[in-house]
Number of protein chains: 2
Amino acid sequence: MNAMTWLTEEEQATWRAFLHATMLLEDHLDRQLQRDAGMPHMYYALLSTLSETPGRRMRMTELAEQVKITRSRLSHAVARLEGNGWVRRENCPTDRRGQVCVLTEAGHAELVRTAPGHVAAVRSAIFDRLTAEQTRQLGDISRVIAEGLHQPEGADVPWLR
Amino acid sequence: MNAMTWLTEEEQATWRAFLHATMLLEDHLDRQLQRDAGMPHMYYALLSTLSETPGRRMRMTELAEQVKITRSRLSHAVARLEGNGWVRRENCPTDRRGQVCVLTEAGHAELVRTAPGHVAAVRSAIFDRLTAEQTRQLGDISRVIAEGLHQPEGADVPWLR
DNA sequence: GGCCACTTCTTGAACCTTCAATAAAAGCCC
DNA sequence: GGGCTTTTATTGAAGGTTCAAGAAGTGGCC
């Protein structure tokens, strides 16, 4: 294993810390939401995303892209949320293959009810602990990483294909 | 919802970017390892952690704490890895309740075989894109977040109990 | 129009994680 | 030692995610 392949001491330490932080954070938020809202964090993110769109509705594919999950995962999730009455499917008027996912009144009410607790959890885990400077840094870093993973070009990551 | 409850514009943007980055990253690494090593990222982390300990072995509870997962999850994971022949359970000599999880030769070989690809994926997704300064920042930020979640005291997060 | 490739969304099976319940041993206290 | 609480690890069921396959519609091309 040459130097190209491996990580420096600092990179290793950073990577480990990052893994631990994301692990603990996801766990923490999942538990908080499961207890207070009866759904995992991802499902909450779906409702939350819908609530911010005009008409509180979005095409399935667009919703999947927005929250960074596969269509398959979204299909299963929406099926469950529909069972809860928090979301409803409508046929897309312009594309007969398409479905539009719509946040119901009950879904919106659930979001209003549970948002404060969720935001408090996020705040206390992250933003109450970071300086304003660090918040800005974390935003920049996250955007760089997300950008790099958005459309991994074969030329950029040759070992992946 | 008052100002205490909500996030500022910048915090919201950071939070969203962070979610996207971690989502895409986990997905990316899981897929890479599933394809090249036949296991999810978490399982790889278990083997990797074991490989760095004296005797390549660790008590179940300690291993679970090290990689930040529940004992239950570890039990299931180890059962699967044992089925692959990558890990073996031994009785703990000093505590008859205890089990020691041991990395087998086959498990170590698998790690050696797949480590370069995994490290390359991590490197290209993260460290090749961040400046040295940002790497240091990410380490600091991650440690702050992880610390805060390690043992959430009732006094610190009153809404959680 | 007819064909073909692509897109959209869903499905079921396999696998993974969570949660609550359990068994067994250890540690404490008298 | 006997009783009690705590710790260690596992189990099975319920729910979530992934993957490959498939149904149905769209759009381009001739």
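Quick note: numbers below take in every heavy atom, side chains included, and nothing from hydrogens, waters or symmetry partners. Everything numeric here is computed off the predicted structure, so don't read it as measured data.
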(Q) Is A/Arg80 close enough to D/dG16 that one of its side-chain N or O atoms is under 4.0 Å from OP1 or OP2 there? (A)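 Yes.
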Would you call [X]-[Y] a salt bridge at under 4.0 Å N-O?
X: B/Glu11; Y: A/Arg123; result: yes
X: A/Arg89; Y: A/Glu82; result: yes
X: B/Glu90; Y: B/Arg88; result: yes

Rounded to whole angstrom units, what separation is found between the [atom1] atom of [X] and the [atom2] atom of [N]?
X: A/Leu33; N: D/dG15; atom1: CG; atom2: P; answer: 18 Å
X: A/Ile69; N: D/dC19; atom1: CD1; atom2: P; answer: 14 Å
X: A/Glu26; N: D/dT17; atom1: CD; atom2: C1'; answer: 13 Å
X: B/Met58; N: D/dT8; atom1: CE; atom2: C1'; answer: 16 Å

Q) Should B/Trp86 and B/Val102 be counted in the same cluster of Ile, Leu, Val, Met, Phe, Trp and Tyr side chains packed under 4.5 Å apart? A)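 Not linked; separate clusters.
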**Q.** Nucleic acid contacts - residues 39-49 of chain A versus DNA chain C, non-hydrogen atoms under 4.0 Å
**A.**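 Output list: empty, so none.
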Q.
Strictly by salt bridge (Lys or Arg N to Asp or Glu O under 4.0 Å), give each pair with a member in residues 101-111 of chain B just once, sequence neighbours left out.
A.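 Residue pairs with at least one partner in residues 101-111 of chain B: B/Arg56-B/Glu105, B/Glu110-B/Arg113.
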Q) Mind checking what makes side-chain contact (heavy atoms from CB on, under 4.5 Å) contact with A/Glu65, not counting sequence neighbours? A)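 For A/Glu65, the residues satisfying side-chain contact (heavy atoms from CB on, under 4.5 Å) (neighbours in sequence not counted) are A/Thr61.
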Polar pairs (N or O, both sides) under 3.5 Å between protein and nucleotides 9-11 of chain D?
unit_1, atom_1, unit_2, atom_2, d
D/dA9, OP1, B/Arg59, NE, 2.9
D/dA9, OP1, B/Arg59, NH2, 3.3
D/dA9, OP1, B/Gln99, N, 2.9
D/dA9, OP1, B/Gln99, O, 3.3
D/dA9, OP2, B/Thr61, N, 2.8
D/dA9, OP2, B/Thr61, OG1, 2.2
D/dT10, OP1, B/Arg89, NE, 2.6
D/dT10, OP1, B/Arg89, NH2, 3.1
D/dT10, OP2, B/Ser75, OG, 2.6
D/dT10, O5', B/Ser75, OG, 3.4
D/dT11, O4, B/Ser72, OG, 3.0

(Q) For the CG atom of A/Leu81 and the NE2 atom of A/His76, what is their distance to the nearest 0.5 Å? (A)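 Going from the CG atom of A/Leu81 to the NE2 atom of A/His76 covers 13.0 Å.
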Q: Using chain A heavy atoms and a threshold of under 4.0 Å, write down where along DNA chain C the contacts begin and end, 5' to 3'.
A: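 Using the under 4.0 Å cut-off, the span is C/dT7 to C/dC19.
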Q) Just checking B/Asn91: base, sugar-phosphate only, or nothing, at a heavy-atom cut-off of under 4.0 Å? A)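 Answer is nothing: B/Asn91 stays at 4.0 Å or more from every strand.
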Q. When all nucleic acid strands are considered with a 4.0 Å heavy-atom cut-off, which category describes B/Asp30: base, sugar-phosphate, or nothing?
A.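 It contacts nothing in the nucleic acid.
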Which atom pairs, one a donor and one an acceptor, fall under 3.5 Å between side chains of residues 41-52 of chain B and the rest of the protein, sequence neighbours left out?
unit_1, atom_1, unit_2, atom_2, d
B/Thr49, OG1, B/Ala45, O, 2.7
B/Ser51, OG, B/Ser48, O, 2.7
B/Glu52, OE1, A/Arg16, NH1, 3.3

